[in-house]
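Please read the structure below before turning to the comments.
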Amino acid sequence: MRREEIFARARVTKGFMPEDEGLALYGAGCARGAGTWLEIGAWCGKSALYLGAAAQETGAVLYSLDHHHGSEENQAGWEHFDPELVDPVDGRLNTLPSWQRTIADAQLEETVIGLVGPSSIVAAHFAQPLDLLFIDGGHGQAVAWDDYRNWVPKVVVGGTLAIHDVFENPAEGGRPPYDIYCAALASGDFVDVATCGSLRVLGRR
Ligand code: SAH
Ligand code: MG
């Protein structure tokens, strides 16, 4: 499928990736080139379409990781709750069917591979170095720092680290994504490559 068609699908896919930031993510993927990529935070597949379009063009594979039960702010009574995504069998949020539909409709099933489970458990059993890592999972303090500690060391020298929902101004959003972005820079291992909205793209030196 042509990338324009994939982007058109992304526009109507549920999720939390504005189009300009999605296109910046696509650009970061194309700039990185073939290899093993992973995103933390799949939801219904919106960001996976942008990264998946780049992966398809470059010959990369994108692992799209999520336990598919949503973050805190997605639960009933919270800001980003969507009753259409509740599984009637157990009353829990389940975004996996929507994610599968998104990836299948975009004909990306051989490029975007789902990993279903808690991020920290998958990380402990995932030995493959990453050419690109996109962090957009849980934004709570504990989960964001676990993602930073467990996954960032897997990024190869010359690889790309992208982080979503980075807000310098605390009034615009939560701290943990901004804090791990600062930690990546302060480590001396990463430099800023691109910025779009709340998306930060860094490169490993
Ligand atoms: N990238 C998506 C948005 C992701 S929302 C888009 O483009 O729309 C954040 C996701 O992180 C949610 O789907 C939630 O289920 C997932 N998540 C939160 N904590 C997690 C954890 N510990 N392990 C795996 N997934 C997690
Ligand atoms: Mg996000």
Side-chain angles (χ1 to χ4, degrees), residues 6-7 9-26 28-29 37-55 62-76 78-82 84-87 90 92-103 106 108 112-126 132-152 161-167 172-181 195-201:
I6 296 176
F7 298 156
R9 288 181 173 277
R11 259 175 243 131
V12 297
T13 299
K14 288 183 185 206
F16 308 103
M17 181 55 56
E19 184 168 33
D20 56 340
E21 297 174 34
L23 293 174
L25 204 49
Y26 164 82
W37 303 357
L38 185 139
E39 73 166 0
I40 309 167
W43 191 245
C44 298
K46 196 175 184 113
S47 52
L49 289 183
Y50 292 107
L51 277 176
L62 171 69
Y63 289 105
S64 179
L65 164 64
D66 206 302
H67 52 41
H68 285 284
H69 298 305
S71 300
E72 206 172 61
E73 65 271 22
N74 307 121
Q75 307 305 319
W78 290 72
E79 193 187 349
H80 294 292
F81 176 62
D82 181 345
E84 285 177 11
L85 297 172
V86 172
D87 182 339
D90 61 7
R92 292 196 299 170
L93 217 59
N94 182 10
T95 51
L96 182 55
S98 309
W99 180 91
Q100 282 186 302
R101 176 53 48 219
T102 299
I103 301 309
L108 286 171
V112 181
I113 311 296
L115 289 177
V116 182
S119 176
S120 56
I121 293 179
V122 178
H125 297 272
F126 194 97
L132 182 150
L133 171 65
F134 174 47
I135 300 181
D136 191 22
H139 292 349
Q141 189 82 8
V143 177
W145 280 103
D146 278 352
D147 284 343
Y148 179 79
R149 279 189 290 262
N150 295 334
W151 286 103
V152 172
L161 169 65
I163 306 175
H164 199 226
D165 303 302
V166 171
F167 298 106
E172 290 176 45
R175 289 286 82 191
Y178 175 72
D179 290 342
I180 65 169
Y181 160 73
T195 291
C196 179
S198 74
L199 179 74
R200 298 289 178 279
V201 181

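Both counts, for ligands and for their atoms, begin at 1 and track the order of listing. Reckoned from all heavy atoms, side chains included, excluding hydrogens, waters and symmetry mates.
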With heavy-atom distances below 4.0 Å as the criterion, list the atoms of ligand 1 near [X].
| X | value |
| --- | --- |
| K46 | 7 (O), 8 (O) |
| G138 | 11 (O), 17 (N), 18 (C), 19 (N) |
| G15 | 8 (O) |
| M17 | 7 (O) |
| S47 | 1 (N), 2 (C), 6 (C), 7 (O) |
| P118 | 23 (N) |

* To do: Go through the steps for L51 and W37 under the test side-chain contact (heavy atoms from CB on, under 4.5 Å), then give the verdict.
  => CA-CA 9 Å; L51 277 176; W37 303 357; 4.3 Å; yes

Which heavy atom of the protein is the closest neighbour of [atom], given with residue, atom name and distance?
| atom | result |
| --- | --- |
| atom 11 (O) of ligand 1 | G137 CA, 3.4 Å |
| atom 8 (O) of ligand 1 | F16 N, 2.9 Å |
| atom 25 (N) of ligand 1 | H67 N, 3.4 Å |
| atom 22 (N) of ligand 1 | V143 CG1, 3.8 Å |
| atom 3 (C) of ligand 1 | D136 OD2, 3.5 Å |
| atom 23 (N) of ligand 1 | S119 N, 2.9 Å |

In Å, rounded to the nearest 0.5 Å, how long is the span from [atom1] of [X] to [atom2] of [Y]?
| X | Y | atom1 | atom2 | result |
| --- | --- | --- | --- | --- |
| H68 | W99 | NE2 | CH2 | 6.0 Å |
| L38 | F126 | CG | CZ | 5.5 Å |
| S71 | H80 | OG | NE2 | 10.0 Å |

* Any chance the rings of W145 and Y148 have centres within less than 6.0 Å? -> yes

* Asked: Taking the inter-plane angle between the rings of F16 and W43 on a 0 to 90° scale, is it parallel (under 30°), tilted (30 to 60°) or perpendicular (over 60°)?
  -> tilted

* Can you give me the ND1-the Mg ion (ligand 2)-OD2 angle for H164 and D165, to 10°? -> 90°

* Test side-chain contact (heavy atoms from CB on, under 4.5 Å) applied to V152 and D147, I180, I135, I163, the passing residue -> I135

* **N94 side chain to H69 side chain, donor-acceptor N/O pair below 3.5 angstrom** => no

* Asked: Under 3.5 Å, is there a donor-acceptor pair between the D146 and S120 side chains?
  -> no

* Asked: Nearest to atom 15 (O) of ligand 1 by heavy atom, D66, L93, L49: which?
  -> D66

* Asked: Any idea which N/O/S atom from D136 gets closest to the Mg ion (ligand 2)?
  -> OD1

* To do: Return yes when G117 approaches ligand 1 closer than 4.0 angstrom through a heavy atom, no otherwise.
  => yes

* Asked: Can any side-chain N or O of K46 pair as donor or acceptor with the backbone N or O of K14 at less than 3.5 Å?
  -> no

